[in-house]
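Report on the following structure.
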Amino acid sequence: MISIETMKFRTADMIGEEFPLTFWRGTGRIVASDDTSLSLLIRGVRVDLTWDRLAVTWNRLLSNHTLTADELGGGADGVGICSIFAYM
């Protein structure tokens, strides 16, 4: 599996790229990525995520070997996190 640092590097070059959503129909889009945060557009809702939050969630995934949008609140942010992790 890749690291959060690799995700930061890759998503910086993927601005505007679409990715399939997990748990919901449709696609998401990467709208911004810098050293502190990642912004996604999930079915018309902008989701701004800090890399610190993503790192904690990524470590939880590595420890538990599972992650669902429901665990993360079931909203656009949870779907966005699960989807971008699956896409990467």
Side-chain angles (χ1 to χ4, degrees):
M1 297 181 104
I2 66 173
S3 69
I4 287 293
E5 291 301 318
T6 302
M7 281 188 211
K8 277 187 202 182
F9 178 75
R10 288 185 184 174
T11 56
D13 292 333
M14 297 170 62
I15 306 302
E17 189 168 320
E18 291 187 344
F19 56 92
L21 296 178
T22 56
F23 306 106
W24 287 1
R25 290 185 185 158
T27 58
R29 182 185 309 264
I30 299 170
V31 293
S33 180
D34 58 29
D35 288 337
T36 58
S37 64
L38 173 67
S39 297
L40 307 173
L41 190 63
I42 307 297
R43 288 179 41 181
V45 176
R46 184 177 174 131
V47 176
D48 297 310
L49 305 161
T50 65
W51 285 110
D52 290 337
R53 178 178 182 202
L54 290 169
V56 168
T57 307
W58 184 251
N59 288 333
R60 191 163 108 199
L61 171 62
L62 294 177
S63 295
N64 297 339
H65 306 288
T66 186
L67 184 69
T68 68
D70 290 338
E71 284 179 68
L72 302 174
D77 60 335
V79 171
I81 291 170
C82 290
S83 300
I84 198 69
F85 283 178
Y87 184 67
M88 298 302 288

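From a predicted model like this one, the values you see are computed outputs, not experimental measurements.
With values rounded to the nearest 0.5 angstrom, Glu17 atom CD is found 11.0 Å from Thr27 atom OG1. Here the straight-line distance linking atom OG1 of Thr11 with atom CE of Met88 works out to 6.0 Å at 0.5 Å rounding. In this structure, CG in Leu72 is found 10.0 Å from CG in Leu49, a value given to the nearest 0.5 Å. Between atom OH of residue Tyr87 and atom CE of residue Met7 there is a gap of 13.0 Å, rounded to the nearest 0.5 Å. The CD1 atom of Ile81 sits 11.0 Å away from atom CD of Glu71, with the distance rounded to the nearest 0.5 Å.
The heavy-atom pair separating Phe19 from Ile42 by the smallest distance is CZ-CD1, 4.0 Å.
Under the 4.5 Å side-chain contact rule for hydrophobic residues, Trp24 and Leu67 share a cluster. Leu54 and Phe9 fall into different hydrophobic clusters, defined by Ile, Leu, Val, Met, Phe, Trp and Tyr side-chain heavy atoms under 4.5 Å apart, directly or through other members. Put simply, Val56 and Leu62 are part of two different groups of oily side chains (I, L, V, M, F, W, Y) that touch within less than 4.5 Å, one to the next.
Aromatic ring orientation, Trp58 versus Phe85: perpendicular (interplanar angle above 60°, classes split at 30° and 60°).
No donor-acceptor pair under 3.5 Å is formed between the side chain of Ser39 and the backbone N or O of Asp48.
With a 6.0 Å radius and a threshold of 12 heavy atoms from other residues, nucleotides or ligands, Asn64 has its CG atom above the threshold.
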